[in-house]
Structures are given as structure tokens and as C-alpha cells.
Amino acid sequence: MWARNRFGDGTYSYTRHRSSGKLSLIIWIWEDKSCRNPMKHILKIFTLLSAISAFWIGLLQASIFPRSYTFLLPIYLIVLLGCYGLLMVGIGLMQFPTCPQEATLLQQDIAEAKDFLKGKGVDRRRYLLLHAPPFLRETLFNNLISLSFND
Amino acid sequence: MEEREMERNKYSIIVPTYNERLNIPLVVYLIFKNLRDFDFEVIVVDDGSPDGTQDIVKQLQQVYGEDRILLRARPKKLGLGTAYLHGLKHASGNFVFIMDADLSHHPKYLPSFIKKQKETGASIVTGTRYVKGGGVHGWNLMRKLTSRGANVLAQTLLWPRASDLTGSFRLYRKSVLEDLINSCVSKGYVFQMEMIVRASRKGYHIEEVPITFVDRVYGSSKLGGSEIVEYLKGLVYLLFTT
């Protein structure tokens, strides 16, 4: 069976499915490639939860494991999911890429930009003082004096 | 064939601004410095800033030319989505960049977006801060924690094909952007999330490029306090409607 992977912008490519049959059809619909009406995401989650529930009920019926354990299985799964989430957050936090050197590079770029703009006569601060209402002018003037030491 | 395609591509850079008088000239200078070999235009969509942002953009137009910098102002704050839409109407390129004007998105990454798009033929190229080669600076532990937690939650619930959902440094094909904006209804940064999730559902080819994000240099950040509630509401909305 051939699958047409259609990208939303009109381009598409063909891939060949190795096996035909119900399972590959299910996976194909799940991946919603080349479907005109792809399954809404909440439906996918619902399907997944239904499959897990069916499995759980099957386990209860089959009585392979003691009943008390099987009843608590959903709780275990939820706790597992929570732990997985916390683990991902923790790992992500530890591996969070930081770039302190970028701040210095940025300051260099800003200095370069300011010089260029001064040369071309573009004044970034002039408007604030000239067009501020009178009651604001004094505070702005004081702030600008302190700011201009860094400029 | 490659060179001919390069000559035909024009990039429109939409920069929504509000009270960015101090930052916008620096951003424009850096854009022009880094995109020397490409055909582009900068569209500044200003929402009626009271601090004179439009004034400074007019000064920049004198320096760089009115065909390279377009000032398309609006009377008051009308929202990010409509700002992009407004910018799109005046965009003459076939590719559209969106970026912030507060220097947290450094224009030096613009060529890497273009390169990635050419290599893969993608419709959307997103900048991501969470992969190696990217990164942040100026974030304290609390902010990193909320950002990471929000990201993990969104990944678990929504299964998007992107690692950074709330980032707003992106390159879109113009037709793709039009299609997405018309189907998104959220406000604020949830809007950015909705765009990438809807793009992922519609099957658009999305690629990622690492970018660095240095926190605001001048001016005040526009993030408020009720952002978490808004974010969760946005997640639930996206879960049920995409």
C-alpha cells in the first residue's frame, strides 16, 4: 500500500508501506498523513485512554495477577506519568542552555549600533524630553542625566 | 537553479512595536548589518506608541530608504495577531520573518533561518531556545523553572513537532502565514503556541534553528502576573480544538 505524505503547503512525497493490513492502516490514520479529515488531537488521546482501559479491564477479567494489584494499576500509571514529567522538568532545568557570552556580544553590537546612528544623526532620546508634559519633564530630566552616564 | 531561486526570494521582516523607541534603531541597524546579501524589507507595525517610536522610525527611513523600512502604524494597541495581519497586507516578499523589537531576538540569526529553509525546503522555521547551540541569559531559576514546566506540560498534552512553542522568532512562507493567522483566534503568546500547533496539525513542514535569547536590555518587559492562568487556559483550548 502506498502512502502519500502531503505537506500542508502542497508538496508531497510517496512512501511504500512494507506490510499491508489492519495494523498499518491504524498507524497510518494515527499519523494522519494524507488524510483529508485528520483526527482531532483530543480524540487521539481519548483513543489511547480507551485502549489502556480496555487492557486494564481485560487484566481484571483474566485474573492473572491478584485483584488488589490490578485495581491499583491506573494509580500506578498516573504516578508514573507524574514522575516522568518531573524528571523531564528536572533534566531540562539542569541542561538549560545558557549563553552569558551572548550578553557581552550584544553590548558590543549595541555600542557599534549607537556609534553608527550618532554618525547618521539619529537621536533616540531627544523626543522624550521635548514632548513630555511639564510635570514629567523634571523627573525625566533627572533620569536622563543618570542614564546618559551609560550612553 | 539555486542562485536564481536566491535572487527571487524576498524576505519581509514584520516587527510589531509598542514603546520601543530605544531599541528599534539598534534592531534595524543589526538587521541591515546581517542581511547584506539578501533582498528584504522591514515592516514596523507600531500600535500608537506614546514615546515617539514612529518618530524615530521616520528618522531611520531617511537613513536607509523608505522602500527598505516601511512604517505601518495603527491608532492604538490592537493585539499581536492583528499586528501580523496588518504587516502581511503590506508585505511584498514571499517569505515573512516575525521577531521582537526588544533585542531579545538577535538579528544575527536571520541568515541561519534562511539557510535552514533553503536546505530543507521547509514552510516554517522556528527559533528554539531549548536545544544545544541555543540558550538564554538573564533568566533566574524561577523563570527557567516555569518555562521548562510549561514546555513539558505542552509537549505531553499536545505532542507538537517543535521544541519551543512560545518563541516568536520565526520564518514563514507568506501563504502559510496567511493561512495560519486566519485560523488562529488566541491572544498574546498563546497565539504563538496556537500558530505552531495548528501548523503541526495541518502537516506543514516545520524545522528548527537554535537561537539565543538575552533578556530585555532597555524598557520594561510586557509580561504580567496572570500569565500562568492564561497559559493553562490556552493549553486546554488547544487540546480540545486542534
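The sequence lines fix the lettering, A, B, ..., with proteins before strands; numbering per chain opens at 1. Given the structure is predicted, the values throughout are model-derived calculations rather than measurements.
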Novice: Name the region of Val63(B), side chain, backbone, both or neither, that has any atom closer than 4.5 Å to a heavy atom of chain A.
Specialist: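 Interface part for Val63(B): side chain.
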Novice: If every non-hydrogen atom of Pro97(A) is compared with every non-hydrogen atom of Gly134(B), which pair is closest and at what distance?
Specialist: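 What the structure gives for the nearest pair is CB-O, 3.3 Å.
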Novice: To the closest 0.5 Å, what do you measure between NZ (Lys40(A)) and CZ (Arg201(B))?
Specialist: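 Answer for the NZ-CZ pair, Lys40(A) versus Arg201(B), is 10.0 Å.
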Novice: Do Ile110(A) and Leu103(B) come within less than 4.5 Å of each other through their side chains, counting heavy atoms only?
Specialist: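 Yes - at least one pair of side-chain heavy atoms lies under 4.5 Å apart.
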Novice: What part of Ser147(B) gets within 4.5 angstrom of chain A, counting heavy atoms only: side chain, backbone, both, or neither?
Specialist: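 Just the side chain, heavy atoms under 4.5 Å.
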Novice: Determine the option with the most heavy-atom pairs under 4.5 angstrom with chain A, choosing from Gln155(B), Arg129(B), Lys108(B).
Specialist: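 Ranked by heavy-atom pairs under 4.5 Å with chain A, first place is Lys108(B).
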Novice: State, with a plain yes or no, whether a side-chain heavy atom of Leu141(B) is found less than 4.5 Å away from one of Leu93(A).
Specialist: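 A side-chain contact exists here, since the closest heavy-atom pair is under 4.5 Å.
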Novice: Give the minimum heavy-atom separation between Leu117(A) and Pro25(B), together with the two atoms involved.
Specialist: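 Taking every non-hydrogen atom into account, CD1-CB, 3.3 Å.
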Novice: Given heavy-atom pairs under 4.5 angstrom as the criterion, report whether the side chain, backbone, both or neither of Tyr64(B) touches chain A.
Specialist: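 Tyr64(B) touches chain A through side-chain heavy atoms alone.
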Novice: Answer yes or no: is there a side-chain heavy-atom contact under 4.5 Å between Lys33(B) and Asp109(A)?
Specialist: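 A side-chain contact exists here, since the closest heavy-atom pair is under 4.5 Å.
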Novice: State the CD1-OG1 distance between Ile45(A) and Thr156(B), to the nearest 0.5 angstrom.
Specialist: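 Answer rounded to 0.5 Å: 9.5 Å.
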Novice: Please flag which part of Leu30(B) lies under 4.5 Å from any non-hydrogen atom of chain A: side chain, backbone, both or neither.
Specialist: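 When you check distances to chain A, only side chain atoms of Leu30(B) fall under 4.5 Å.
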Novice: At a heavy-atom separation under 4.5 Å, does Val28(B) approach chain A through its side chain, its backbone, both, or neither?
Specialist: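 Contact with chain A: none, neither part.
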Novice: Any idea how Tyr130(B) and Phe96(A) line up, ring-wise: parallel (<30°), tilted (30 to 60°), or perpendicular (>60°)?
Specialist: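 The arrangement is perpendicular - the two ring planes meet at more than 60°.
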Novice: What distance separates His106(B) NE2 from Glu102(A) CD, expressed to the nearest 0.5 Å?
Specialist: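 Those atoms lie 7.5 Å apart.
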Novice: If you compare all heavy atoms of Val152(B) against all heavy atoms of Gly85(A), which two are closest, and at what distance to 0.1 Å?
Specialist: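 The answer is CG1-O, 4.0 Å.
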Novice: If I measure from the heavy atoms of chain B, does Leu105(A) come under 4.5 Å with its side chain, its backbone, both, or neither?
Specialist: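 Just the side chain, heavy atoms under 4.5 Å.
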Novice: Check whether Glu112(A) gets within reach of chain B through its side chain, its backbone, both or neither, counting any heavy atom under 4.5 Å.
Specialist: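 Both parts, backbone and side chain.
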Novice: Got a second to check how far Phe213(B)'s CZ is from Thr98(A)'s OG1, nearest 0.5 Å?
Specialist: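 OG1 of Thr98(A) is found 14.5 Å from CZ of Phe213(B).
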Novice: For residues 51-62 of chain A, which side-chain N or O atoms pair as donor and acceptor with protein atoms under 3.5 Å away, sequence neighbours left out?
Specialist:
from: Ser53(A); atom 1: OG; to: Leu49(A); atom 2: O; distance (Å): 2.7
from: Trp56(A); atom 1: NE1; to: Thr70(A); atom 2: O; distance (Å): 2.5

Novice: Kindly indicate whether the side chain of Val89(A), heavy atoms from C-beta on, has any atom under 4.5 Å from the side chain of Leu153(B).
Specialist: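 Not in contact.
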Novice: For Ile24(B), is it the side chain, the backbone, both, or neither that has a heavy atom closer than 4.5 Å to a heavy atom of chain A?
Specialist: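 Neither part; nothing is under 4.5 Å.
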